[in-house]
Amino acid sequence: MKRWWLGALMMGSVAWAQLEEVQAGFIYVGPVGDFGWTYSHDRGRRAVDERFDWLTTTFVESVPEGDAETFIDQLVRGGANVIFTTSFGYGEATLAAAQRYPEVLFGHATGFQTAPNVMVYIAEFYQVYYLNGLMAGALTETNKIGYVAAFPIPEVKRHINAFTLGVREVNPEAEVEVRWLYNWFDPAGAAEATQALIAEGADVFAFSEDTPTVIQTAAERGFPSFSHYSAMYDFAPEHVVSGQIANWEVIYADFLEKVHTGEYTAQNLEDVNYWWLLDDGAVIMGADEETPINPVFEERLRAVTVRDPELGEVSVYDLVMARHDAMREGGPEAFDPFTGPVRDRRGNVVIEEGVTPDQETLETLEWAVEGVSASSPWDNEP
Amino acid sequence: MELESWLISATARSLAFATPLLLAALGEIVAERAGVVNLGVEGMMVLGALTGFVAAQLGGDPTLGVLAAGLTGGLAALVHAFLAITLRANQYVSGLALTIFGLGLSGVVGRAWQGQPLRNPFRALDVPPLAELPVLGPALFQGQHLMTYAAILAALLLWVLLFKTRLGLSVRSVGESPAAADALGVGVYGLRYGCVVFGGVMAGVAGSYLSLAYRPSWSEGMSAGMGWIALAIAIFAAWNPLKALWGAFLFGACFHLAFRLQGVLPAEFLRLLPYVATIVALTLASLGRSRARRGAPAALGTPYTRGER
C-alpha cells in the first residue's frame, strides 16, 4: 500500500518535471506592433503557440524595465510555468523573480546571468552584419557609410564592429560614421540622424532601431540601405540591399520542446545559453526571407572585385554568398569575421592574428574597430 | 564641411522637423487664446497620424489622409470642449485623459497597419523659381513638403486673424474676460467650442504630417512627445502665431542638431537640449509677474458660467 503511494508520488513528480502542459508567458519591452524587436519575438511566440498543442502562451507588452517583477508575478499567478523576459534591462527582475518562484523556468533574452531556473538566449546578428558590411563597402561612392545606432552597449557595438570589418575588407578607404539615438524606438530621431548623416556625405546606411525609418529616409534621397530585424524589403524595393532578420521561433521551439520532454527543468538551466547564429537558423541574411541580396544590386556587387587569400580574385557578390554559406553550413568554426588580427580605431591590436574570440569577449566588447569614424562618439571606449 | 553648406542643410532639416510642432502649436494657441487649455495635443496628434495613414492607404491619396486626420483631431477636441466648456470639468484632467486615450486607442486600432509602407506618400518638392536662389533656395525651398509651407502660411494667416480682425478680437476677449465679452454680446460658448475644435483639427493635421510626409508609415506612439513640445511652444511664443514660427524652428533645430553635433559636443547634453529649452520656456512663462506681460489670456483654464463672477 505504501509502495503504491510512493509510486504514484514519483509518477506525479515526473509528470510535473515534464510539464505536460506548458504555459509560457512573455514580457515585452515594446509594443508588439513595433515591426522590430518586440514584433519579431511575438512572431516567434505565435509560431510556437500554433505548433505545439501542449503549449499555451500569454504576453504583456510595453512593460517598463523597472516594472517587470510586477508583471512576472501576474503571469505566475495566471498559471505560467515558463516565462521569457525579452529585454536586457529585465535582468535583475528576472533573477529576483526566479528566486521567488523556484519552480518556474525563466529565459532572459540577451542576458548573461543564469541560475538553476534561469537560462539566457539570443539570436545573434554579428555574422550577418559582417556580410552586410561587405556589400556596403562595395556600394559606397563617398567612402562614408552612415550607421544609426540605438544604445552604446556591447551588443550594438559588436554589430557595428562586425559591419565595419566587412566594409573595410572590401574597401579599406571607407569609414563608418555612427550616430546614437539612445533609444530603441525613436522614428523621429532615426529620421533626423539619417538626415544628419546624409548632410555629412554618407551614401549607404545601416541601423539598429526598431522601425524602417532609416530605410525610408535614405530611399527618399535615393541611397541604399540594409534593413534591420524584420523583413523591410517592401518599404523600399529599389533601395534595400539586404539586412538581418531574427527568427526567434527556432530558439523558443527548441527550449519549450525540451521543457516539455523534461530535458530542461527548473533545476538544470544554469548552463543553458543559446547563442544562436546563422547555422542554427536563428538569424537570416536578407531584405526579406526569400531575398538574400536584392537583385537590383547584383550587377553593382558583381562589378567590384577583391583579392581573397582563399577564394582569389572574387566579386563582392560571390564573396558574400561564399562567406554566408560557409557560416550557415559550418558555423563560426568555418569562418568568423572577428578572427584576428583585429585592431581598434586607436591602432591597438585587440585580437591577435589567427585568434577567434570566444563568446564572452564578444559579449562584453566596448572598443571600436579600425574604420569606425573618429568623429563618432563611443561611450566607454577603453 | 564648409560652414555655408552646413548651415543650409541644418536650416532645411530644422524646418522639416518644425512643421508638426508648428501646426500643433498654432492650434493650441487659438484654443488657449479663447481661454481653454487642451493637454490632449499629443493624443490628438497620434490619432491624426493613424487615421491619416489609414485613410491615405485605403483611398490612395495623401490629401484624403490630411482631411481624415483633421476630422479625427477635431472630433477628439470636441469631446474635450464638451467636458471643459459645457460640463465645466477640470480642463487639465480632461486634456490629459485625451492624450492617454489617444495613445492607447491608436496603439490598439493601429496594430493591423504596422509594418506597411504608405503607397502614395507626400513627396518632397522644390519650389520652382525660389529653389534656384543662391543660399535661401536650398535652405528653404528644396526638398520640403507642401505641408511645411502650409504651416508657415497658417501662422501668418492666424496672426492676421487674431490681431487684425473683429473675430480675432472676440476670440481674445473671450479668453481674457468671458463675462465682459458675454455682456457685449459675444457668444462665449460658441467661440470657445470653435477654437478648441480648430485646435484639434490642427493637431490632427500635424499628426498626419508625420505619417504621410515625414516618415510615411505608421508606428505606435510615433508622435513621440511632440505634442508636449507644441504645448510648450504655445507658451514660449506668448500665444502669438508669428512667434510660434520661430519657436517651432528653434525646437526643430534642437532636435536636428542633437544628431548633427554628436562627436563635437557631449551627446548627453545634446539629447537634453529640446527638453531643457522646454523647461526654460515654461519657467519663464510661469514666473508670476512676467505672466501678464508675456500675454497669457487672463481667463486661461477657467471655465465660464454665465452670471457667475
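All values below come from the heavy atoms of this structure, side chains included, with hydrogens, waters and symmetry mates left out. Note that the structure is a prediction, hence the values are computed from the model and not measured. Letters A, B, ... are given to chains in the order of the sequence lines, protein chains preceding strands, and every chain is numbered from 1.
- Contact annotation for A/Phe185: only side-chain heavy atoms (C-beta onward) come within less than 4.5 Å of a heavy atom of chain B.
- If you measure heavy-atom distances from A/Asp379 to chain B, the contacts under 4.5 Å come from the side chain alone.
- In this structure, A/Tyr182 places its OH atom where more than 12 heavy-atom neighbours from other residues, nucleotides or ligands lie under 6.0 Å away.
- Contacts of residues 201-221 of chain B with chain A at a heavy-atom distance below 4.5 Å involve B/Ala213, B/Tyr214, B/Arg215, B/Pro216, B/Ser217, B/Ser219, B/Glu220, B/Gly221, listed in sequence order.
- Contact tally against chain B (heavy-atom pairs below 4.5 Å) for A/Val178, A/Thr211, A/Asp210: the top residue is A/Thr211.
- Using a 4.5 Å cut-off between heavy atoms, A/Glu177 makes no contact with chain B at all.
- Proximity to chain A involves both the backbone and the side chain of B/Arg13, based on heavy atoms less than 4.5 angstrom apart.
- The two residues A/Ala188 and B/Phe17 come nearest to each other via the heavy atoms CB-CE1, 3.9 Å.
- In this structure, B/Gln262 contributes its side chain and A/Trp180 its backbone to a donor-acceptor pair below 3.5 Å.
- In this structure, the separation between CD on A/Gln195 and OG on B/Ser9 is 9.5 Å, given to the nearest 0.5 Å.
- In the displayed structure, B/Trp246 atom CH2 is contacted under 6.0 Å by at most 12 heavy atoms of other residues, nucleotides or ligands.
- Test A/Thr194, A/Val148, A/Leu181, A/Leu197 against B/Phe259 for side chain to side chain contact (heavy atoms under 4.5 Å, CB included) and you get one pass: A/Leu181.
- B/Gln144 meets the side chain to side chain contact (heavy atoms under 4.5 Å, CB included) test with B/Ala12, B/Leu15, B/Ala16, B/Thr148, B/Tyr149; sequence neighbours excluded.
- Under a cut-off of 6.0 angstrom, the local environment of CZ in A/Arg221 is sparse, with at most 12 non-hydrogen atoms contributed by other residues, nucleotides or ligands.
- Side-chain contact between A/Glu192 and B/Arg260: absent, with no pair of heavy atoms (C-beta onward) separated by less than 4.5 Å.
- For A/Thr213, the parts sitting under 4.5 Å from any heavy atom of chain B are the backbone and the side chain alike.
- A 6.0 Å sphere centred on CD of A/Glu173 holds no more than 12 heavy atoms belonging to other residues, nucleotides or ligands.
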